[in-house]
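Presented below is the structure to which this report refers.
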Amino acid sequence: MGKFKLMVLMLIASILMLAACGKDDDKSSGSAGETGDAGYNLVKKGKFTFAASGVYKPFSFEEDGELTGFDIEIGNALAEKLGLESNPVTNPFETILQGLVGKKFDAIIGSMAYTKERAKQADFTEPYYYSGGMVFVAKDNDEIKSPDDLKGKKIGVVAQSTYEPPAKELSDNVQYYTSDVVALKDLTVKGRLDGVITSDVVGFEAIDNGFEIKEVGKPMWVEQASIAVHKDNPELTKALDKALQELVDDGTYKEISEKWFGRNLLDIDLEGVELLE
């Protein structure tokens with residue numbers, strides 16, 4: 001074989017090898033769906049990145065340098081159902097919706113209640129738990145016996161939460177917090193706050209952990225905590241609804257809920273209850 005023919009054959013072989021490598025590279029950096037992302041528009045390929053505040057114990061908080069809590073475990077379980085790597089991140093609650101709109105993460109699993117106003121900016125799954133908006137006061141406070149008794153008083157709430165509007169309706173003296181737990185702690189410091197409006201679940205958990213506080217009356221309303229997803233990702237919203245139902249059906253949801261609260265947060269009688277919208 002002449003040198004020229006040998007060089008041509010070597011050149012053809014090199015081209016074929018490069019083409020084969022190119023196909024492999026396409027598989028590793030291809031579009032969603034080819035990579036196991038199932039067509040979801042994810043911010044990180046192969047990962048389900050979801051956000052929570054990280055300061056909302058027992059729903060999301062840091063322990064030994066790791067994020068944990070009910071919301072985080074639900075997110076981890078959903079990621080497994082989707083066949084994706086779980087990637088929980090933190091974002092202050094007051095800007096968490098803006099973070100989703102800005103595509104910093106794929107979803108919010110951070111005890112965010114569905115509202116019509118929020119639904120203008122994000123899509124929402126079916127509820128993954130229910131909770132009531134409730135007033136809490138110091139244990140030795142016998143003056144405040146109903147929400148109306150908070151009129152004009154100093155009320156603590158988390159900024160941009162669903163508890164802010166009713167607090168502002170009751171009083172023009174509202175103190176803003178980044179954490180419900182910190183607000184509830186301030187109830188025990190004389191003269192700092194008259195009341196806090198937050199989730200009944202969080203308040204009762206604080207009482208179980210020794211906080212000298214008590215609830216006032218019954219929940220003012222019931223919230224539908226749901227998973228918020230970017231509007232450009234409808235397939236992910238559908239998949240999360242399906243995965244959530246699977247967690248309920250196979251008992252995983254109940255196991256996680258009972259681990260953190262001793263009860264199933266979806267097991268609630270909604271008949272005659274006002275749902276926050």
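Sequence positions, counted from 1, serve as the residue numbers for this chain.
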Ion pair present between Lys259 and Glu255, side-chain N to carboxylate O less than 4.0 angstrom? no
Would a single hydrophobic cluster contain both Phe105 and Leu84, if residues Ile, Leu, Val, Met, Phe, Trp and Tyr are joined by side-chain heavy-atom contacts under 4.5 Å? no
Any sub-3.5 Å donor-acceptor pair from Tyr163's side-chain atoms to Gly133's backbone N or O? no
For residues Tyr176 and Glu94, determine if any side-chain heavy atom of one lies less than 4.5 Å from a side-chain heavy atom of the other. no
With rounding to the nearest 0.5 Å, note down the distance linking CG in Leu247 to CG in Leu78. 5.0 Å
Among pairs that include at least one residue of residues 122-131, which meet salt bridge (charged side-chain N to carboxylate O under 4.0 Å, His left out), considering only residues two or more places apart or in two chains? Asp123-Lys231
How close do Leu67 and Gly54 get, heavy atom to heavy atom, and via which atoms? CD2-CA, 4.1 Å
Is it the case that one hydrophobic cluster holds both Val157 and Val55, taking links as side-chain heavy atoms less than 4.5 Å apart, direct or via other members? no
Closest heavy-atom pair, Val181 versus Lys57, reported as atoms and distance to 0.1 Å, is CG2-O, 3.9 Å
Which is it for Tyr130 and Gln224 under the side-chain contact (heavy atoms from CB on, under 4.5 Å) test, yes or no, and what are the steps along the way? CA-CA 5 Å; Tyr130 296 100; Gln224 306 170 80; 3.9 Å; yes
Any donor and acceptor pair, going by atom type alone, linking the side chain of Thr125 with main-chain N or O of Ile227 inside 3.5 Å? yes
State, to 0.1 Å, how close Thr68 and Glu63 come at their nearest heavy-atom pair, and which atoms those are. CG2-CB, 4.0 Å
A side-chain contact here means heavy atoms from C-beta on lying under 4.5 Å apart; do Asn41 and Leu236 qualify? no
Which heavy atom of Leu97 sits nearest a heavy atom of Ala122, and at what distance? CD1-CB, 4.1 Å
Report the residue from Thr198, Leu184, Val196, Leu193 that forms a side-chain contact (heavy atoms from CB on, under 4.5 Å) with Tyr177. Leu193
Just by distance, do the side chain of Asp200 and the backbone of Ser131 share a donor-acceptor pair under 3.5 Å? no
One pair to check against side chain to side chain donor-acceptor pair (under 3.5 Å): Thr252 and Asp250. What are the steps and the verdict? CA-CA 6 Å; Thr252 303; Asp250 67 20; 2.6 Å; yes
Between atom OH of Tyr56 and atom CZ of Phe93, what is the distance when rounded to the nearest 0.5 Å? 8.0 Å
Answer with yes or no whether the hydrophobic clustering places Val137 together with Val158; edges join I, L, V, M, F, W, Y residues whose side-chain heavy atoms lie under 4.5 Å apart. no
Looking only at heavy atoms, what is the nearest atom pair of Ala113 and Phe124, with distance? O-CE2, 4.4 Å
So do Tyr40 and Asp106 actually touch side chain to side chain, heavy atoms under 4.5 Å? no
Ignoring hydrogens and angles, tell me if any N or O in the side chain of Ser86 forms a donor-acceptor pair with the backbone of Ala79 under 3.5 Å. no
Nearest-0.5 Å distance, CG of residue Leu265 to CD of residue Glu258: 10.0 Å
Evaluate the side-chain proximity of Tyr253 to Asn264: yes if any heavy-atom separation is below 4.5 Å, no if none is. yes
Tell me, which pairs form a salt bridge (charged side-chain N to carboxylate O under 4.0 Å, His left out) where one or both residues lie in residues 157-180, sequence neighbours left out? Glu164-Lys168
OG of Ser199 to CZ of Phe59, rounded to nearest 0.5 Å, is 5.0 Å
Let me check something: do Tyr128 and Val202 share a hydrophobic cluster, defined by ILVMFWY side-chain heavy atoms less than 4.5 Å apart, either directly or through other members? yes
Are Met112 and Ile197 co-members of a hydrophobic cluster defined by side-chain heavy atoms under 4.5 Å apart? no
Any donor-acceptor pair under 3.5 Å linking the side chain of Asp186 with the backbone of Arg192? no
Evaluate side-chain contact (heavy atoms from CB on, under 4.5 Å) for Val201 paired with Arg263, printing each intermediate quantity in order. CA-CA 11 Å; Val201 177; Arg263 61 190 177 96; 3.6 Å; yes
Roughly how far, to the nearest 0.5 Å, is the CE atom of Met134 from the CD atom of Glu215? 5.5 Å
Could you walk me through whether Phe261 and Tyr129 pass the ring-ring contact (aromatic ring centres under 6.0 Å, His included) check? CA-CA 12 Å; Phe261 306 105; Tyr129 78 85; 7.3 Å; no
side-chain contact (heavy atoms from CB on, under 4.5 Å) evaluation trace for Thr49 with Leu42: CA-CA 8 Å; Thr49 304; Leu42 303 177; over 6 Å; no
For residues 152-162, pull every pair meeting side-chain hydrogen bond (donor to acceptor under 3.5 Å, both in side chains), keeping only residues two or more places apart or in separate chains. Thr162-Glu223
Spacing of Leu100 atom CG and Ile108 atom CD1 [to the nearest 0.5 Å]: 4.5 Å
Given 3.5 Å as the limit, does a donor-acceptor pair link the side chain of Thr115 with the main chain of Arg118, or not? yes
Side-chain touch Asp71/Ser111, heavy atoms, less than 4.5 angstrom: yes
Can you tell if the side chain of Ile213 reaches within under 4.5 Å of the side chain of Asn141, non-hydrogen atoms only? no
On a heavy-atom basis, the closest approach of Val229 and Ala107 is CG2-CB, 4.3 Å
Verify, without hydrogens or angle tests, whether Asp241 (side chain) and Lys238 (backbone) share a donor-acceptor contact under 3.5 angstrom. no
Mind checking whether Glu85 and Phe48 have side chains closer than 4.5 Å, heavy atoms only? no
Around atom NZ of Lys81, are there more than 12 heavy atoms of other residues, nucleotides or ligands at under 6.0 Å? yes
Full working for side-chain contact (heavy atoms from CB on, under 4.5 Å) between Ile256 and Phe70: CA-CA 7 Å; Ile256 295 173; Phe70 173 76; 3.8 Å; yes
Heavy-atom distance under 4.5 Å between the side chains of Glu205 and Trp260, does that happen here? no
